[in-house]
Novice: 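Quick one: structure below, then a few questions.
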Number of protein chains: 2
Amino acid sequence: MNIGKWSIDKYNFTEEEIKLTLSHFVPQQMKANEFFLKAGEISNFIGYVTRGLLRSYFYDDQANEITTGFFAEGSLIVAADSFNNRFPSKEYIKAIEDVEMSVISYKDQMELYQQIPAWHQICKELGDIKISEMLERAESFQTLSAHERYQQFCEAYPNLLQRVNLGYIASFIGVDNATLSRIRKKK
Amino acid sequence: MNIGKWSIDKYNFTEEEIKLTLSHFVPQQMKANEFFLKAGEISNFIGYVTRGLLRSYFYDDQANEITTGFFAEGSLIVAADSFNNRFPSKEYIKAIEDVEMSVISYKDQMELYQQIPAWHQICKELGDIKISEMLERAESFQTLSAHERYQQFCEAYPNLLQRVNLGYIASFIGVDNATLSRIRKKK
DNA sequence: AAACGATTTTGACTTTTGTCAAAAGATTGA
DNA sequence: TCAATCTTTTGACAAAAGTCAAAATCGTTT
């Protein structure tokens with residue numbers, strides 16, 4: 001997931017660099033149910049969420065909706081695969097709640113490589129974080145039962161429990177709706 | 001996994017840069033069963049495999065050995081988490097067969113950022129590949145049955161089937177040994 | 001408040017996967 | 001070569017998770 005591991009403070013930005021960076025992020029709002037990205041599009045924006053909640057998902061071969069991530073306050077919204085590799089996204093990213101965020105375009109972001117020396121380092125760090133997150137996620141599927149994955153989810157994102165449909169959580173942790181319901185009943 | 005998606009040709013290296021890069025990679029051999037990395041150590045090397053095969057694994061809470069990756073000819077050996085974030089590895093990386101490879105140290109690699117402009121780009125690309133791989137891996141756990149994950153493994157890495165213990169494959173795709181045996185029997 | 005739609009729970013049942021232990025097979029090294 | 005060890009298969013059973021359909025619940029809108 002994508003919550004809170006990123007903070008601008010970690011980088012030794014100069015005042016100059018901070019200004020320049022922020023000048024490329026433009027504030028933007030979305031209403032609930034609007035799309036940040038649709039399948040088929042090449043992802044052209046990174047967003048930094050300051051209020052609200054979004055969800056990423058795709059459809060598998062049997063047309064099941066599979067949730068792949070949640071983006072709450074403090075998260076970066078990125079469809080990494082499409083954004084990095086410049087091919088059409090398989091994923092949708094859609095606002096669950098009204099959202100306030102700052103966005104930067106792919107093109108503007110590319111220009112920062114020239115303008116801000118630290119930009120390389122920031123992007124490297126962001127990539128590293130994503131890698132760690134995905135390693136952990138794969139490991140949880142590899143070694144934990146459905147019940148344990150649910151517990152882990154609750155511990156990691158207690159606030160999301162109240163904010164999203166259980167069905168989204170079910171597919172996110174890779175279990176059937178009905179199974180999640182039963183898992184929750186047994187304490 | 002870590003096979004074949006990386007090739008030096010993709011980058012617009014100058015002759016100069018290639019020489020400089022390669023001068024930092026030093027050839028090295030390992031015998032089967034030697035360790036490239038042990039749990040508890042901070043990963044200090046990236047290896048590029050030219051012959052042989054290695055495996056990464058860790059021990060879960062019940063002391064089961066969990067295989068997390070294979071590194072055959074053409075792969076980069078990296079313990080991404082430990083190498084990038086400079087903390088002790090949870091994983092072991094061990095040669096399954098005698099190995100020939102070229103390695104570069106963390107320190108030398110850091111210096112390339114200064115010496116070779118394209119190094120940033122290369123590392124970014126490597127990171128992006130790792131992210132895509134892990135996204136795909138998480139997705140396969142999320143949406144496929146054990147049987148399907150095994151089929152996918154066979155298609156993706158047919159050559160590994162003959163070269164590694166089935167037990168390693170079983171834990172890599174997240175199923176019990178006995179279950180994999182049964183999966184294999186049903187065609 | 002009633003009604004509609006979406007979400008969640010539940011029941012009855014099936015399928016998949018895990019567990020444990022023993023047997024069979026393969027590999028290795030003395 | 002033969003024993004010792006490791007790996008894989010198998011059987012009998014148990015537990016986990018999926019399926020399908022119906023009921024219950026919740027939220028919204030009228």
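Proteins get letters first, then strands, A, B, ... in listed order; numbering begins at 1 in each. Below, each value reflects all heavy atoms present in this structure, side chains not excepted, and no hydrogens, waters or symmetry copies.
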Novice: Take atom CG of Leu180(B) and atom C1' of dT17(C), then tell me their distance rounded to the nearest Å.
Specialist: 12 Å
Novice: Return the value, rounded to whole Å, for the distance between atom CG of Asn33(A) and atom C1' of dG5(C).
Specialist: 14 Å
Novice: Closest approach to the side chain of Ala146(A), judged atom by atom: which nucleotide of dT7(D), dA17(D), dT19(C) is it?
Specialist: dA17(D)
Novice: Given dT17(C), is OP1 or OP2 found less than 4.0 Å from the side-chain N or O atoms of Thr179(B)?
Specialist: no
Novice: Round to a whole Å and report the spacing from CG of Asp176(B) to P of dA17(D).
Specialist: 14 Å
Novice: Measuring from the side chain of Leu166(B) (C-beta onward, heavy atoms only), which nucleotide among dT19(C), dT17(C), dT9(D) has the closest atom?
Specialist: dT9(D)
Novice: Quick one: Tyr150(B) OH to dT17(C) P, roughly how many Å, whole number?
Specialist: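 Those two atoms, OH and P, are 14 Å apart.
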Novice: Under the 6.0 Å and 45° cation-pi test, does Arg137(A) pair with Phe172(A)?
Specialist: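 Because its charged atom sits under 6.0 Å from the ring centre and within 45° of the axis, Arg137(A) does stack over Phe172(A).
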Novice: List, one per line, each side-chain donor-acceptor pair under 3.5 Å for residues 29-47 of chain A, sequence neighbours excluded.
Specialist:
residue, atom, partner, partner atom, Å
Glu34(A), OE1, Lys31(A), N, 3.3
Glu41(A), OE1, Lys38(A), N, 3.2
Asn44(A), OD1, Arg86(A), NH2, 2.5

Novice: How many Å lie between CZ on Arg182(A) and P on dA23(D), as a whole number?
Specialist: 16 Å
Novice: Take atom CZ of Arg163(A) and atom C1' of dC26(D), then tell me their distance rounded to the nearest Å.
Specialist: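 Interatomic distance, CZ of Arg163(A) to C1' of dC26(D): 20 Å.
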Novice: Set out, in order, the CA-CA distance, both residues' side-chain angles and the distance that settles side-chain contact (heavy atoms from CB on, under 4.5 Å) for Val164(A) and Thr67(A), then state yes or no.
Specialist: CA-CA 11 Å; Val164(A) 310; Thr67(A) 294; over 6 Å; no
Novice: Would you please confirm or rule out a distance under 4.0 Å between OP1 or OP2 of dT8(C) and any side-chain N or O of Asn177(A)?
Specialist: no
Novice: What integer distance in Å separates Asn64(A):CG from dA17(D):C1'?
Specialist: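 Value for this atom pair: 15 Å.
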Novice: Counting only side-chain heavy atoms from C-beta out, which of dT8(D), dT9(D), dT10(C) sits nearest to Ser181(B)?
Specialist: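 For Ser181(B), the side-chain atoms sit closest to dT9(D).
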Novice: Any idea how His120(A) and Tyr113(A) line up, ring-wise: parallel (<30°), tilted (30 to 60°), or perpendicular (>60°)?
Specialist: tilted
Novice: Check the orientation of Phe153(A) and Phe70(A). Use parallel for under 30°, tilted for 30 to 60°, and perpendicular for over 60°.
Specialist: perpendicular
Novice: Check this for me: does the side-chain of Arg184(B) come within 3.5 Å of the base of dT7(D) through a donor and an acceptor?
Specialist: no
Novice: So if I take every side-chain heavy atom of Asn165(B) and compare against dT8(D), dT7(C), dG18(D), which nucleotide ends up nearest?
Specialist: dT8(D)
Novice: What is the separation between atom NZ on Lys186(B) and atom C1' on dT16(C), rounded to the nearest whole Å?
Specialist: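 For the pair Lys186(B) NZ and dT16(C) C1', the rounded distance is 8 Å.
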Novice: Report yes if a side-chain nitrogen or oxygen of Lys185(A) is closer than 4.0 Å to either non-bridging phosphate oxygen (OP1 or OP2) of dT9(C); otherwise report no.
Specialist: no
